[in-house]
Number of protein chains: 2
Amino acid sequence: MTRKSGDASRSTIRDVAARAGVSASTVSRVLGGVYPVSAATRGRVMRAVRDLDYVADARAKAIAGVGTPTLAFVLEDITGPSFAHMAHGVEREATRLGHLCLVCSTEGDVRHELEFVEMMRAQRAAAVILVGGTADTPEYRERTHRMADSLASAGSRLVLCGRPPLDPGAPVTVIEYDNEGGAYTLVAHVLAQGHRRVLFLGGRADHTTALGRERGYLAAHRARGLTPDPSLLLHGDFTRDAGHRLMQQALKDGLEFTAVVAATDMVAAGALTALHEAGLTVPGDVSLAGYDDIPFARDLHPALTTVHVPYEELGRLAVRTALERTPGAADEHLLLGTHVVVRDSVGPPPSRSPR
Amino acid sequence: MTRKSGDASRSTIRDVAARAGVSASTVSRVLGGVYPVSAATRGRVMRAVRDLDYVADARAKAIAGVGTPTLAFVLEDITGPSFAHMAHGVEREATRLGHLCLVCSTEGDVRHELEFVEMMRAQRAAAVILVGGTADTPEYRERTHRMADSLASAGSRLVLCGRPPLDPGAPVTVIEYDNEGGAYTLVAHVLAQGHRRVLFLGGRADHTTALGRERGYLAAHRARGLTPDPSLLLHGDFTRDAGHRLMQQALKDGLEFTAVVAATDMVAAGALTALHEAGLTVPGDVSLAGYDDIPFARDLHPALTTVHVPYEELGRLAVRTALERTPGAADEHLLLGTHVVVRDSVGPPPSRSPR
DNA sequence: AACGCCGTAGCAACCGGTTCCCATCACGGA
DNA sequence: TCCGTGATGGGAACCGGTTGCTACGGCGTT
C-alpha cells in the first residue's frame with residue numbers, strides 16, 4: 001500500500017489542478033460528477049486526487065452553497081438514559097438524511113444554552129433541537145421565542161423536544177410526549193390495586209416534566225374521588241441519588257404510604273435501594289413505580305412497573321419534522337403517546353396497617 | 001422588546017456595512033475588536049448589527065482561518081452508559097476549550113466509520129476521537145493506520161480511546177484504561193472468597209474490551225495455580241439481553257459454577273435477573289460481579305460488586321491530550337487505572353456442593 | 001470543402017468573511 | 001505656517017471552493 005508521508009499542509013483544489021495539468025474548475029467538475037468531462041481528463045484528475053489524498057474543504061463548499069448541512073442538538077446532560085436514547089434517535093435520523101450532527105450539553109445553564117444557539121446560528125445549522133423539560137416561566141417563553149425568531153431569520157429552525165411549547169406565533173416545531181396521560185394511567189393502575197396513600201417522588205418542583213407527571217398523579221386521584229395528601233408530594237431532582245435521599249428521608253420522617261410513584265426510573269432505582277436498606281420488601285410492604293422505561297428497569301428487583309416513552313422515536317421525529325418541513329407550512333405540534341408497562345413492583349397494599 | 005420580523009435571508013457583512021455607511025472591512029474590524037475604530041463608527045456599526053440581527057457566518061470565518069475549531073467523536077452507540085459518560089467528558093472538555101463537537105454513531109459498521117472519518121477530514125476537524133473496543137485484526141490496524149495518516153496529512157489528529165493501539169509509527173494518540181488489570185483484581189477478589197468455578201460471561205469473542213477482561217480472568221486464576229475450565233467462558237455481546245439469555249442458557253445446560261463475572265455491568269444486570277428468575281439468591285447461591293461501575297450498579301439487588309472505570313475522565317483526557325499536543329511531539333499513549341468497588345454481590349460460595 | 005454543432009475546458013465572478021497595504025485627515029510641534 | 005505623525009477607514013487580494021459564460025477544436029453533414 002502507498003502511504004502518503006505526512007504532507008502536513010492540506011492540499012487545495014488548485015494543487016490538484018496543477019498536478020493534473022488542468023484548471024481548478026475542471027477538477028471541481030470531475031469531483032462534482034455531473035458535468036461532462038472526457039475520460040482522459042477525468043483519469044488524470046482522479047490520479048492527482050489520489051496522489052495528494054485530496055478532500056475538498058467542506059467549509060468552503062458550504063459557503064458556496066453545496067455543503068453537507070448540519071443540525072444541532074442541545075441537551076442538559078447526555079448521561080441520563082432517556083436523553084441518551086433521544087440523542088441516538090436524533091443522530092441516526094440526521095445521518096440517514098445526510099446531515100452532520102453537533103452536540104452541546106448545557107449542564108442546565110441558560111447562558112450556555114443561549115451561547116450555543118447563537119453559535120449554531122453562525123454555523124447556519126439547518127435546525128436546532130432543544131431537548132428536555134425546563135421551568136416554564138414567562139422568562140423562558142420570552143427567551144425561547146427570541147431564539148426561535150432569531151434562528152428563523154437566519155433560515156434555521158428551532159425544535160422543542162419534550163420541552164414546553166411557546167405562545168402561538170413563534171416559528172417553532174414542538175414534539176412532546178404525554179407526561180400527564182402516562183402518569184394518569186400509571187397512578188390509576190396503582191390506585192386500582194387498593195392503595196390510598198401514594199407517595200409521589202418528584203423531580204424538580206418547577207420542571208415541566210415533573211409537573212406534567214404530577215398533574216397525572218392528581219388527576220388519577222380525582223377521577224376516583226380521592227384528594228391526595230399534599231405532604232405526599234416530594235421534590236428533588238432526577239438522579240438516582242435524589243431518589244435514594246428522598247426515600248430515606250421519607251422513611252425517617254415516618255411518612256405513611258403504601259406505594260411510591262417516582263418521577264423517573266432513575267429516581268425509582270434510588271428509592272428502591274433505600275427501601276431495601278430499610279428492610280422493606282417491594283411490592284410486599286410497599287409498591288413502587290417509575291417513568292421512562294429505561295432498559296435497566298426490568299433488571300431491578302422486583303422488575304419495575306413503569307411508563308414507556310418512545311424516546312428514540314421522539315428524537316427521530318424531531319429531526320424529520322424539522323428537516324422535511326416546507327418553509328411556508330404551519331408550525332407542527334406533535335404529541336406522542338406513552339403506555340404503562342406492568343411488571344412486578346406494584347401489588348396490592350399490605351393487609352396490615354400501612355407503615 | 002423589538003422582534004425582528006422574519007427577515008428570511010440572513011444578512012451579510014456587506015449589508016451591515018451599507019446600513020452603517022462604512023466598508024465591510026470596518027465592520028469586520030469592529031466585530032473583531034482589536035483594530036482601533038473610532039467610537040462613533042463603532043456605534044453606527046453596532047447599531048446596524050443589532051438592527052439586522054447579524055451574526056458572521058462561521059463557515060466563512062473558518063475558511064479565512066479564524067473559525068471555532070471542531071472536534072469529532074465517533075462511537076458505536078451512544079445508548080450504552082459507559083459510552084454516554086465518555087461522550088459527556090468529551091463534550092465538556094471540548095466546549096471548555098472552545099471547540100464544537102460533532103457526533104456520529106457507526107452502529108458497528110466499519111463503512112460508516114470510514115465515511116465519517118472522511119467527512120471529518122473534509123470538515124478540517126482538529127481531532128477525531130474513535131471510541132470503544134473492536135476486533136483487533138491486521139485489517140483493523142491497516143485501515144486505522146491509513147485513517148491516522150490521512151487525518152495527519154490534513155492537519156488533524158486521530159485519537160483512539162479505549163481502542164486497541166496501532167503499530168508504532170502511526171500518528172495517533174491512544175488513551176486506554178486497564179481492562180486486564182481491573183479484571184485481574186476483581187477475579188482475584190472472587191477467588192479469594194473461595195470460589196473455584198467462576199463463569200465468565202463475556203462480550204463479543206474477538207472484541208478487545210472483552211478479551212482484555214478475559215485475560216485478567218485467566219491471569220488471576222493462574223496466579224493461584226488454577227486453570228479455569230474453558231467451558232466456563234461464554235460469549236455474546238454487551239447488552240443486558242445478552243447477559244440474560246446467556247445466563248438462562250448456562251442454567252439450563254446445567255453448567256456448574258458458584259460465581260459469575262460479567263464482561264460489563266449491563267451483562268451482569270441481565271444475568272442477575274436470569275438468576276433471580278431461576279430462584280437463585282445472590283450472593284447466597286451464586287456470586288456475581290460486573291465491570292464499568294455504571295451508576296445503576298448500586299441499585300441492583302444486591303448492589304453489584306464491579307470495577308470502576310473513569311469513563312468521563314477518559315473522554316476529557318482524550319480531547320485535552322489531542323488538542324494541547326505540540327505538533328512535533330512524540331505520540332502519547334496513556335493508560336488509566338481502574339479499581340474494584342466492593343459491594344454486596346460477591347460472597348463465599350455455598351457450603352453445599354455447587355449447583 | 002465549407003458549415004455548424006456539440007463536447008470539453010478555462011476565465012472570471014461569486015459565496016462571506018479577513019487582513020495587508022495604503023490614502024486621508026486632524027493634530028501637535030518646530 | 002508647514003510638516004511629520006498617528007489614528008482611521010477603504011480598496012483589493014485572499015481563503016477554497018462552485019458555476020455561468022465563453023472559446024476552441026473536432027466531427028458529421030450537405
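Sequence lines set the chain letters: A, B, ... in the order given, protein chains first and strands last, and positions in each chain run from 1.
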Asks: Which is more 5' along DNA chain D, the nucleotide nearest A:L31 or the one nearest B:S25? Just name the residue.
Replies: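 The residue whose closest nucleotide sits nearer the 5' end is B:S25.
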Asks: Kindly indicate whether the side chain of A:V103, heavy atoms from C-beta on, has any atom under 4.5 Å from the side chain of A:F116.
Replies: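 Side chain of A:V103 against side chain of A:F116, heavy atoms only: no contact under 4.5 Å found.
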Asks: Using a 4.0 Å heavy-atom cut-off, does B:S28 contact any base of the nucleic acid, only the sugar-phosphate backbone, or nothing at all?
Replies: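 Counting heavy atoms under 4.0 Å across all strands, the contact made by B:S28 includes a base.
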Asks: Over the length of the helix from C:dA1-D:dT30 to C:dA30-D:dT1, how much do the five-pair end axes diverge, rounded to 10 degrees?
Replies: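 Inter-axis angle at the termini of the helix from C:dA1-D:dT30 to C:dA30-D:dT1: 60°.
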Asks: Measuring only between side-chain heavy atoms, which start at C-beta, is A:R121 closer than 4.5 Å to B:R10?
Replies: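 In short, these two side chains do not touch, never coming nearer than 4.5 Å.
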Asks: B:E91: which residues meet the side chain to side chain donor-acceptor pair (under 3.5 Å) condition with it, sequence neighbours left out?
Replies: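 A:S105.
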Asks: Return the set of residues passing side chain to side chain donor-acceptor pair (under 3.5 Å) with B:D109 (not counting sequence neighbours), or none when no residue passes.
Replies: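 B:D109: no side chain to side chain donor-acceptor pair (under 3.5 Å) contacts found.
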Asks: Quick check: closest heavy atoms across B:A84 and A:I78, and the distance to 0.1 Å?
Replies: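 Between these two residues, the closest heavy atoms are O-CG2, 3.6 Å.
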Asks: Show the nearest heavy-atom pair for residues B:V45 and B:V16, with the distance to one decimal.
Replies: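 The pair with the smallest heavy-atom distance is O-CG1, 4.3 Å.
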Asks: Please list residues of residues 56-67 of chain A whose heavy atoms come under 4.0 Å from any atom in DNA chain C, ordered by number; otherwise none.
Replies: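 The stretch gives A:I63, A:A64 as the residues lying under 4.0 Å from the strand, ordered by number.
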Asks: Any sub-3.5 Å donor-acceptor pair from B:T321's side-chain atoms to B:L317's backbone N or O?
Replies: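 Yes: the side chain of B:T321 pairs with the backbone of B:L317.
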Asks: Should the heavy atoms of other residues, nucleotides or ligands under 6.0 Å from CZ of B:R96 be counted, would the total exceed 12?
Replies: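 Count over threshold, so yes.
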Asks: Would you give the length of the straight line joining atom OG1 of B:T26 to atom OH of B:Y35, rounded to the nearest 0.5 angstrom?
Replies: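 One gets 8.5 Å once the value is rounded to the nearest 0.5 Å.
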Asks: Reading DNA chain D 5' to 3', which nucleotide is the first, and which the last, to come under 4.0 Å of any heavy atom in chain B?
Replies: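 Using the under 4.0 Å cut-off, the span is D:dT8 to D:dG17.
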Asks: Locate the shortest heavy-atom distance separating A:R325 from A:A330; write the atom from each residue and the value.
Replies: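 Looks like NH1-O, 3.4 Å.
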Asks: Is the shortest side-chain N to carboxylate O distance from A:R47 to A:D51 below 4.0 Å?
Replies: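 Salt bridge between A:R47 and A:D51, a charged N being under 4.0 Å from a carboxylate O: yes.
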Asks: Does any part of the side chain of B:Q123, heavy atoms only, come nearer than 4.5 Å to the side chain of A:L100, both counted from C-beta?
Replies: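 Yes - at least one pair of side-chain heavy atoms lies under 4.5 Å apart.
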Asks: What's the shortest heavy-atom distance between B:V37 and B:R42, and which atoms?
Replies: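 The answer is O-NH1, 3.6 Å.
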Asks: What nitrogen or oxygen pairs link the protein and nucleotides 6-9 of chain C at under 3.5 Å?
Replies:
| residue | atom | partner | partner atom | Å |
| --- | --- | --- | --- | --- |
| C:dA9 | OP1 | A:S38 | OG | 3.0 |
| C:dA9 | OP1 | A:T41 | OG1 | 2.1 |
| C:dA9 | OP2 | A:S38 | N | 3.2 |
| C:dA9 | N7 | A:Y35 | OH | 3.4 |
| C:dA9 | N6 | A:Y35 | OH | 2.7 |

